[in-house]
Each structure stands twice: as structure tokens, then as C-alpha cells.
Amino acid sequence: MHERIYLSPPHLGQREEQLVLEAFRTNWIAPLGPHVDAFEQELCAYTGAPHAVALSSGTAALHLALAALDIGAGDEVWVSTLTFAASVFPLHYVGATPVFVDADLGSWNMDPVLFVEALHDAARRNALPRAVVLVHLYGQCADVEPIAYACKTLGVLLIEDAAEALGATYDGRAAGTFGDVGFYSFNGNKIITTSGGGMLVTPHAQVAQRVRALATQAREPVPHYEHRQLGYNYRLSNVLAGIGRGQLEQLDARVAARRAVSERYQTRLGALPGIAFMPEARYGRDGMRSTRWLTTLTIDAARFGANCETVRVALEAQQIEARPVWKPMHQQPIFAGCRVFGGGVADALFAEGLCLPSGSSLTEAQQERVISVVQSCVQTRSAAA
Ligand SMILES: Cc1ncc(COP(=O)(O)O)c(C=O)c1O
């Protein structure tokens with residue numbers, strides 16, 4: 001039996017081990033500590049973000065972003081519909097109401113034209129949302145400039161969910177640094193990982209300060225334990241931050257490796273009938289660089305001869321993990337009844353989309369196994385015809 005090929009496994013080096021050992025040797029095992037401070041500073045240096053707060057997950061980062069921006073009950077927040085549910089769950093934690101916005105085919109991210117029109121229409125009706133959660137999907141930046149401009153002009157807060165897009169740039173600037181708050185995830189499947197963790201970035205010193213306080217049980221700065229607001233226990237441990245620092249040193253190499261994986265898939269599978277890869281969008285004055293965190297494609301079953309689920313099952317039978325594209329949020333039972341602008345594009349991408357194994361440690365031989373299974377699916381149909 002073949003060894004299993006995972007969708008996006010952790011890729012660790014020796015430096016991470018050294019840094020974790022350092023935490024052990026210096027007894028900095030508690031949450032916070034020198035690795036956390038250094039990880040925040042190093043991430044600021046990498047992304048250009050003025051302030052960063054290391055947290056226990058990307059989900060916690062979004063939760064605290066909403067809390068620190070005073071978004072809560074009665075507030076509407078517009079969110080990309082083609083995403084993972086963690087882009088939306090925290091809205092419910094604070095009692096806000098999500099409204100979903102469709103993707104466009106050119107980027108699979110929030111459709112900027114649809115969004116800007118809907119926002120201006122809402123302004124005319126005096127029904128603007130408080131905030132927007134703009135997701136940068138599968139390592140690719142959304143068309144952030146027109147969206148950020150409309151938000152700024154109309155006084156709507158912009159939160160960037162860059163959980164999947166650390167290392168991606170738009171106009172030469174890091175994903176996550178355009179809005180009032182951005183955040184990254186270091187979950188085990190992300191381009192760099194701390195096993196579990198997240199980082200909130202913001203240009204606003206006050207927001208960073210508030211998030212820091214909320215994340216440490218909202219203790220007032222007095223010697224005894226004094227609390228004036230609800231707090232959370234959301235900070236990252238010093239041990240995990242050590243892993244993160246080692247990983248961050250390798251981020252550019254990881255991006256290059258994932259892009260190389262993606263290029264091989266496109267070269268080897270791109271000519272098959274009915275296959276189309278997630279396009280790399282060409283927007284921004286200085287362009288956009290996707291990390292290709294996950295290489296994702298659509299399969300037109302009529303032309304290919306098998307649908308994406310058949311291909312996924314064929315891969316699984318060979319111990320290869322592939323995943324359907326995110327099921328849109330407006331289709332999720334938990335969010336039934338929420339409003340949505342459009343939705344048809346995200347529906348189509350979910351119906352036909354598949355994510356292939358894309359890890360930065362994927363070897364060429366492993367990738368050949370994936371490629372040959374996909375190729376064999378199209379041949380199945382020719383044989384049957
Ligand atoms: C788009 C998106 N948003 C949010 C999250 C949540 O991040 P975390 O798992 O670190 O809580 C993830 C990943 O898990 C994600 O893919």
C-alpha cells in the first residue's frame with residue numbers, strides 16, 4: 001500500500017526544533033514570553049503591518065477584531081460567501097448578522113463590482129453594514145483596492161481574513177494590511193504553522209492594545225485582579241511561537257515550493273478536457289502574487305467524463321487526500337435564512353471544484369501519483385464511451 005499523501009501537511013525544519021528547545025531550556029513554557037514578542041515583531045517586519053498580536057487561532061483573531069471594533073448585536077457584517085465557516089462563526093459569537101457576497105470567476109474571491117454596487121445601494125437606503133470581512137481565498141488576494149476604497153469612502157470597517165494568504169501580495173503589499181484589521185492562521189494545514197495559532201495585524205495602536213487586553217482575560221493594569229469588561233484566554237504560548245518563528249524564516253521558500261507544485265499541476269493536467277485551474281487574478285497596479293496555498297481546479301463533468309467527486313474518490317482509493325472547494329456559506333444549514341448578494345458563482349465553484357494535495361514538502365514522485373490518478377479518470381470515460 002502507498003504512503004498517504006495529505007492535502008497540506010505541516011512542513012517543519014530543524015530551526016523550529018532549536019527554538020522550541022530554547023523555550024524549554026529557559027523555562028518559558030507559559031503563554032507569552034520572548035518568542036511571542038519576537039514572533040510578533042518578525043511578522044510585522046515581514047508584512048509591513050504596524051502592530052501584530054499573536055493569538056491562539058485565526059478564529060480567535062476574528063472574534064477579538066470584532067470585539068475590539070465594538071461590532072455586536074444589531075450590526076450587519078458582509079462576508080465573502082466562498083470561504084471556511086470560521087470566517088463567519090465569530091460574527092455569531094458577538095451577535096452580529098452576516099450577509100454574504102458572491103465570488104467572481106476571475107479570482108474566486110469577493111466580486112468587487114457586485115460588492116461596490118451593493119454597498120452604494122445600501123448607503124442610499126441608509127442601511128450600511130458596520131463592517132466587511134474580506135477573505136483572501138486559497139492564497140490569492142481578493143481585489144482589495146476597490147473594496148477598501150468603497151469601505152473608506154462610506155465609513156465601513158474592513159477586516160481582512162488572510163488566514164489562507166500569508167505570503168500573498170497585492171500591489172506589493174501583504175494581504176491583511178489594507179484594512180482596519182487583518183488576520184492570519186497558523187493552523188496545521190496552513191502555509192506556515194504553529195500547530196494551532198493565529199496573528200492579528202492592524203494599523204491602529206489602540207485596536208492592538210485592546211485586543212492584547214481582551215486576549216489576556218481583560219485584566220486591568222493594577223496589581224490585583226480587576227475586570228471591567230469580558231475577557232478571553234486567547235494568547236499564543238511561547239513554545240508555539242518558537243515554532244512560528246522558525247516557520248516564518250522559511251515562508252518565502254514555502255511560497256516558492258507551493259507555486260512550483262501548482263505550476264507542475266497546470267503543465268501536466270491543464271490540457272485535459274474540462275479542467276480549469278483557479279485563475280491567478282491580474283489586478284492591482286503592480287499586480288498580485290498568489291501563494292497557491294492550495295492548487296484548486298474545476299472539472300466540467302460533461303467534457304472530462306467524470307465529476308470532481310468521482311475524481312476525489314479515485315484519489316482517496318489511492319491514499320491521496322483531496323477536498324471539495326469550500327461549500328458556500330449561504331448554502332450552510334447553520335446560516336440558513338441569512339441574506340446573500342448573488343451566490344451562483346460560488347455555487348458553481350463548489351459543484352465543480354476540487355483542491356489537490358499542495359504541500360510544500362510534496363515530492364515530484366508523490367505529485368506524479370496524484371497526476372496519474374486524475375489522468376486515469378478522464379481515460380475511464382473514453383474507455384466507457
Ligand atoms: C478562510 C479561513 N478563515 C479562518 C480560518 C480560521 O483559522 P484557525 O483555524 O486558525 O482558527 C481558516 C482556517 O482554518 C480559514 O481557512
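We count ligands from 1, going down the list as the structure has it; atoms in each ligand are counted the same way. None of the values given here were measured: they were computed from a predicted structure. The analysis underlying the following values was restricted to heavy atoms, covering all of them including side chains, and did not include hydrogens, waters or symmetry mates.
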query: So, the side chain of Tyr283 versus the backbone of Cys141: is there a donor-acceptor pair under 3.5 Å, distance only?
result: yes
Practice problem: Check whether any side-chain heavy atom of Tyr184 lies under 4.5 Å from a side-chain heavy atom of Val201, and answer yes or no. | Solution: yes
Here the atoms of ligand 1 under 4.0 Å from any heavy atom belonging to Asn187 are 9 (O), 14 (O)
Item checked: Donor-acceptor contact present, side-chain Asp102 to main-chain Gly343, <3.5 Å -> yes
If we number the atoms of ligand 1 from 1 as shown, the ones under 4.0 Å from a heavy atom of Ala86 are 4 (C), 5 (C), 6 (C)
Min N/O separation Thr83 to ligand 1 under 3.5 Å:
no
Decide whether an N or O pair under 3.5 Å exists between Gly58 and ligand 1. yes
- Item | Ring-face cation contact, Tyr138 with Arg292, 6.0 Å cut, 45° max | no
re atom 11 (O) of ligand 1, the protein heavy-atom contact at minimum distance is Thr59 OG1, 2.5 Å
Note: ligand 1 atoms sitting under 4.0 Å from heavy atoms of Ala163 are 2 (C), 3 (N), 4 (C), 5 (C), 12 (C), 15 (C)
Within 4.0 Å of some non-hydrogen atom of Gly197, the atoms of ligand 1 are 10 (O)
For Ser57, the atoms of ligand 1 under 4.0 Å from one of its heavy atoms are 10 (O), 11 (O)
Cation-pi between Arg4 and Tyr6: NZ/CZ under 6.0 Å from ring centre and within 45° of the ring axis?
yes
Residue, atom and distance of the protein heavy atom nearest atom 13 (C) of ligand 1 read Lys190 NZ, 2.7 Å
Atom 3 (N) of ligand 1 has as its nearest protein heavy atom Asp161 OD2, 2.7 Å
**Asked** For the ring pair Tyr93 and His63, is the centre-to-centre distance below 6.0 Å?
**Response** yes
Grouping ILVMFWY residues whenever side-chain heavy atoms fall under 4.5 Å, the cluster of Phe350 otherwise contains none
re atom 16 (O) of ligand 1, the protein heavy-atom contact at minimum distance is Glu164 OE2, 2.7 Å
Tell me if a side-chain donor or acceptor on Gln331 pairs with a main-chain N or O of Asp347 at a distance below 3.5 Å. no
Legend entry - 4.0 Å heavy-atom contact, Gly198 with ligand 1: no
